[in-house]
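Below: the structure, in structure tokens.
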Amino acid sequence: MAHVELADVSKVYDDAQGTETAVDSVSISVADGEFLTIVGPSGCGKSTTLRMLAGLEPVTEGVVVIDGREVQHLVPSERNVAMVFQNFALYTKMTARENIGYGLKHSTQLSRPERQDRIEEMAQLLGISDHLDDKPAELSGGQKQRVALGRALVRQPDVFLLDEPLSNLDAKLRSEMRTELQRIHDQLGVTTIYVTHDQKEAMTMSDRIAVMNDGRVQQIATAESAYDRPANEFVGTFLGNPSMNTTEVTIERRDGTATLRTAAGNVLTTVPAETVPTGVSRATVGIRPEDLELRSADDGSAKVAVTEFQGNTNYVHLTVEDKSLTARLTTDQTFERDEQVALAIDAPDLYLFDTETGETLKTRDRATHTDGGRS
Ligand code: ADP
Ligand code: MG
């Protein structure tokens, strides 16, 4: 187990196509035994970050520290880091036992019986004891995945890295393996860094998430805290499905109230003046689907485009001017297609972002959410 630190780590690829900054001055500190997930859209630099940690890719700049030791100049085998990839490949001619033991044989001084003990212990932890003598062709997708995890973990790494390891599994197995990975982490307590592009996966799995975009870390926080108090518009809209609704407004203060108007000049909502930071006369408003309230009104500014009933939730997709908004309602609130509705937006639910920089000007205000933790 180990504390892991990336300090101002950058990666610039320089090839025939030109130079590209894949990772831009990333700093992430992962506590001993923590489970941290790096999440962000495809191409944002997640894999490159992980590969630099593992030693599979040299850093262009910056420092990588594992357990107090600078490792950025060390080869992978000197770092005691294990990594599992999306396209993990097992040796097809070897049994599960031989696959799991393969790394042990070449990287440790253990005797044969000691190796067998370790393999069997790992198989038990992973629930594949009965399959140790099967070859990969005889194993299910989930069992193969477990063998790949076992092969990485049996060496007792200080740091466990996972790069989208569940992407090739079907939805049911994926959710099963998510729970499984958390259980394994809880039992072994190994410092784990997990990479995914799936915000839902990130939010459900980890102690903290590091949200990346365009090579940069946008925010490191607990999932709940990043969802409620995003550092910027990117984080606010990336986390949550359906996404936060956003629209640009102008803001006019008068007599203790602030009136938010859309680009076409229609009033979106009127809120107490103190809702809006002083000096802000333009902003991007954000409102989460669960916070948007609707009522039927012939003179309402929004029109129902599609309603999507999902058992315990009713999603209503609306058009306001040329924008689409989504409201998440309970199933007893029903609206008809093409119905005119009025939006009710409560001041505490509003997010405001700087339209130019995306910086958060105001987050929604949940007095009950007190988990702190933004860094
Ligand atoms: P992610 O894992 O978040 O999808 P990557 O770390 O794989 O993103 O890639 C980040 C950026 O770096 C992308 O724009 C990608 O095209 C580029 N990139 C990755 N590997 C290489 C490479 N070996 N050579 C050149 N560019 C690369
Ligand atoms: Mg990747």
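If you're wondering where the values come from, they're calculated on a predicted model, not measured in any experiment. Both ligands and their constituent atoms are indexed starting at 1 by order of listing. Excluded from the calculations below are hydrogen atoms, water molecules and symmetry mates; all remaining heavy atoms, backbone and side chain alike, are included.
A continuous path of hydrophobic side-chain contacts links V217 to V195 [ILVMFWY only; heavy atoms under 4.5 Å]. F238 and I38 are members of different hydrophobic clusters when ILVMFWY side chains are connected at heavy-atom separations under 4.5 Å.
Around the NZ atom of K200, the shell of radius 6.0 Å holds no more than 12 heavy atoms that belong to other residues, nucleotides or ligands. No more than 12 heavy-atom neighbours from other residues, nucleotides or ligands sit within 6.0 angstrom of CD on Q124.
Relative to the ring axis of F85, R51 does not place its NZ or CZ within 45° and under 6.0 Å from the centre.
Within the structure, side chain to side chain donor-acceptor pair (under 3.5 Å) contacts touching residues 240-260 (residues at least two apart or in different chains) do not occur.
Ligand 1 lies under 4.0 Å from heavy atoms of Y13, D15, E20, A22, P41, S42, G43, C44, G45, K46, S47, T48.
Backbone or side-chain N, O or S atoms of S47 reach the Mg ion (ligand 2) at under 2.8 Å.
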